[in-house]
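Here's the structure we're looking at; comments come further down.
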Amino acid sequence: MDERRLALIRGGTTRQRHSIGSGYLIAPGLVLTARHVLTDGDTGSYWPEIQVTIGHPRDGAGMRTTAQVIWTHPQNLDVALLLVHDQVDVSGAVHWGHPVGKAPLRYEGLGFPLATAEQGRDAEHLRGVLPPLSSGSRDLYVLDQEPVPDPRDDGRKPWGGASGAAVFCEDHVVGVVIQDCQSYGNRRLLACPAKAFTQDSGFDAVLQRHGDGPPRLVEIGAALPKARPAVERTQAERTIEESLWPILGDPSTCLAHARALADQLGMRVPADYAPSLADLVALTTAHPRALASLSSTLAPTITSEDGRTRLTGLLAYARAVAFGSLLSLEEQERLLDLLRGICKEHPSLLPRCAREALRYTCLPEPLTRTHLPVDDLEQVVDELEAMTDSEHVPDGTPPVPALLRLTEYAAAAVAGEDASALREWSTRVAGRTGIHPTALNERRADAEQWAARQTAPVARVVLELTADHESPKERYFCRVLLARQDGTYTLLREPETVSKTPQEAARYLREAVEFAADEPGQEHHVPWVTVLVDRQGLHLAVDEWNPGAPNEFIPEQPIGAEFRLTLSCPEMSHIVTKRDREQRRRWASGNQVPLVADQSCANARHLARLLQSSHRDATRVVLHGPRDQRTQLLQTCLALGVPVVLWDREADCYDDAARLQQLDPTGPLAELPERVRVVRGEVFDSQEATLPRPALVWEEDRPPEPQSLQLRDPRKGTHAS
């Protein structure tokens, strides 16, 4: 990597700069970068002016010139070549590489991320590990970055501007940074592999015309590590070597297992490779799954109980000090292969299993959603490997990993060959790691018992809203639970409690309804949406919150037009102790005659007298009248246990009562929520000012009530020092 070839790219118009990115001079007049750095995100067209500054800021201002796009990839890969207008010649040539094997490689690069911007853009030396096996279905290189910027207060991406940076392994360009991976908290970048674009004929032709000829890719694999001097080894390395000595002290045995491990890691093993035990321990540091992979070949050869105990203790120690991962390479590949098929066919199954199997675990973020995309599977497996299920195990045996418990629940939820394959997989992992068979069988029995239960359909999706008073903008803390017809409910957990905008809350609610539709036993049952608010929240137009279009074909509409949505105010029951009893009594009376609160009962005292005498059993009140009186009248109705209250949020006086007539406010009570939903849709589609904006409180006989919101991240709260 030659810092003299570093390029800072600015795109925009002659009057204003709009984008900043990074690049690398790969030939006297050619700069390699990411294509999106050069385009207007709104129109997709290239910026009319592109400026390039060549050189590292440490060496001075650098040479500034303009440039034009000379090549982009025909399949729209996010890479491009710029031809600079002033010739720049730097001695030396650029070498191209292609990572091979399974072991992570060291990488480095230079870029201009926003995190370095104080008075101007400074260069950042990108460096870390490139794990080839983390490349997913998108065929991008994963870059696990060592220096990690903190999130910015203004919401902008701290890695913004690093796109276009060339990625080097062993001084060979192997890719181009194109985006960050926010699921990993700024710790991970993604790069387009050089192999994906250097083989394009157009790229080849440009390099032959302006550079040193066609690019030649060199395979780059991780070198076999050698043990450091004893004084430089970590305590974990020394402990592992001591634990392995009774098992692998024989040189021939050590050699056989070292060769097998190096082969699994995809490393080239020379014929004269003769590692010591210390070299083998160094080899286990070459990949997070190396020690687990070594134990998978070692465990079947151990015949003595003492040797088995030593290996189990070693693996337990390694997990305790975070020396590598739970699964071997083969075990991870096999599990991901099994779960991919399940996710594609049943995307909501794993989140549902996780909520039941790991009730008291802070789940990985993708498992807190209603559906798990295949692309997030690897992250879920990685995070669950470090967790136990925190339940009883026989004395002296390792705790059961959370991942095995989830696997057992997934096996119980599916049928046929998939279930057998998952159980076979968990049995093998448990045997290798020394988990007691009794402990695994207990989890398996729990899973089978759970899967055998007939799950009642979801009757209501309940959204609890609490205003975020610390935010300068309108934001709410949200909690969603699925209330079932048998009185049970499932709480949809999130990894941390973060307030949401109205649009984000509406989108979260819609995802929960979609999840409920996929629940076993749901069939044709369409859930009802209940929004829990406090007294101040009764005025909120939650039904008008718009989550946006669900896809490119179906137009957007507010959630009140999409679902039967009603309000509920549990706070009133805490203030008026007999309110719930009054609600149950009114529902039990079966009185379907509504009380229409017009100018004849225009104050709270008169309304209360009617609700305690002639309308003592009324289950419904239709409120009319001016806004300034409506709040008091509404709270009077709720305090006296009226379970159903309907009003028009836009009504200013009693003459506006006619606005509600089109939804037949005194008609059949059971059909009222659906009539309100239809009218809300008509209001959204129309510009007429005379249409009502109906609000509807509907209190169930025994509504589910979630626990109070815990306004902190459980993971941070547990481990903060």
Side-chain angles (χ1 to χ4, degrees), residues 1-12 17-27 29-41 44 46-47 49-57 62-73 76-84 88 90 94 96 107-117 120-128 130 140-143 145 149 156-169 172-181 188-194 196-198 200 203 206-207 211 215:
M1 181 177 66
D2 187 346
E3 64 270 21
R4 296 174 302 169
R5 295 174 177 267
L6 176 61
L8 172 62
I9 301 171
R10 295 180 173 92
R17 184 190 69 208
H18 289 277
S19 70
I20 290 181
S22 306
Y24 192 80
L25 192 71
I26 62 171
L30 292 178
V31 172
L32 175 67
T33 186
R35 186 173 64 88
H36 76 265
V37 171
L38 314 173
T39 59
D40 183 337
Y46 293 107
W47 295 118
E49 183 171 307
I50 298 172
Q51 293 184 352
V52 179
T53 303
I54 306 294
H56 196 287
M63 196 203 80
R64 180 174 295 181
T65 181
T66 56
Q68 67 184 52
V69 179
I70 191 175
W71 171 88
T72 58
H73 197 273
N76 291 324
L77 295 184
D78 193 5
V79 289
L81 287 177
L82 291 175
L83 180 64
V84 297
V88 182
V90 179
V94 171
W96 302 88
Y107 81 88
E108 61 178 343
L110 288 169
F112 294 94
L114 181 61
T116 68
R121 289 292 175 119
D122 290 330
E124 172 68 20
H125 188 178
L126 310 177
R127 56 200 184 275
L130 187 159
L140 300 177
Y141 287 151
V142 164
L143 308 176
Q145 175 71 9
R156 300 170 68 191
K157 293 183 178 182
W159 281 121
S163 292
V167 180
F168 288 82
C169 290
H172 288 67
V173 178
V174 300
V176 176
V177 174
I178 60 172
Q179 67 182 82
D180 62 349
C181 187
R188 179 167 278 189
L189 301 173
L190 300 177
C192 180
F197 60 82
T198 55
D200 175 63
F203 185 89
V206 172
L207 255 66

Minimum-distance pair of heavy atoms, taken over all atoms of [X] and [Y]:
X      : Y      : result
Thr33  : Ser163 : OG1-O, 4.4 Å
Pro149 : Ala115 : CB-CB, 3.7 Å
Ala162 : Ser22  : CA-OG, 3.8 Å
Cys192 : Ile178 : CB-CG2, 4.0 Å
Arg5   : Val90  : NH2-O, 3.3 Å
Trp47  : Thr39  : NE1-O, 3.3 Å

Any heavy-atom pair between the side chains of [Y] and [X] that's under 4.5 Å?
X      : Y      : answer
Val31  : Ile54  : yes
Leu32  : Phe197 : yes
Val174 : Phe168 : no
Val52  : Leu25  : no
Phe203 : Val79  : no
Val167 : Tyr141 : no
Ile26  : Leu81  : yes
Phe112 : Thr53  : no

Can you tell me how far the [atom1] atom of [X] sits from the [atom2] atom of [Y], to the nearest 0.5 Å?
X      : Y      : atom1 : atom2 : result
His73  : Asp200 : NE2   : CG    : 4.5 Å
Asp180 : Leu190 : CG    : CG    : 8.0 Å
Leu110 : Glu3   : CG    : CD    : 7.0 Å
Thr72  : Tyr46  : OG1   : OH    : 4.0 Å
Trp159 : Leu189 : CH2   : CG    : 5.0 Å
Leu30  : Leu83  : CG    : CG    : 6.0 Å

Given 3.5 Å as the limit, does a donor-acceptor pair link the side chain of [X] with the main chain of [Y], or not?
X     : Y     : value
Gln68 : Leu82 : no
Asp78 : His36 : yes
Trp71 : Ala80 : no

- Residue set satisfying salt bridge (charged side-chain N to carboxylate O under 4.0 Å, His left out) with Arg4, at least two apart, ordered chain then number -> Asp2
- Task: With sequence neighbours excluded, tell me which residues meet salt bridge (charged side-chain N to carboxylate O under 4.0 Å, His left out) with Arg10.
- Result: none
- CA sep, side-chain torsions, deciding dist, call: Leu126, Gln145, side-chain contact (heavy atoms from CB on, under 4.5 Å): CA-CA 7 Å; Leu126 310 177; Gln145 175 71 9; 3.9 Å; yes
- Query: Who pairs with Trp96 by side-chain hydrogen bond (donor to acceptor under 3.5 Å, both in side chains), at least two apart in sequence or on another chain?
  - Reply: none
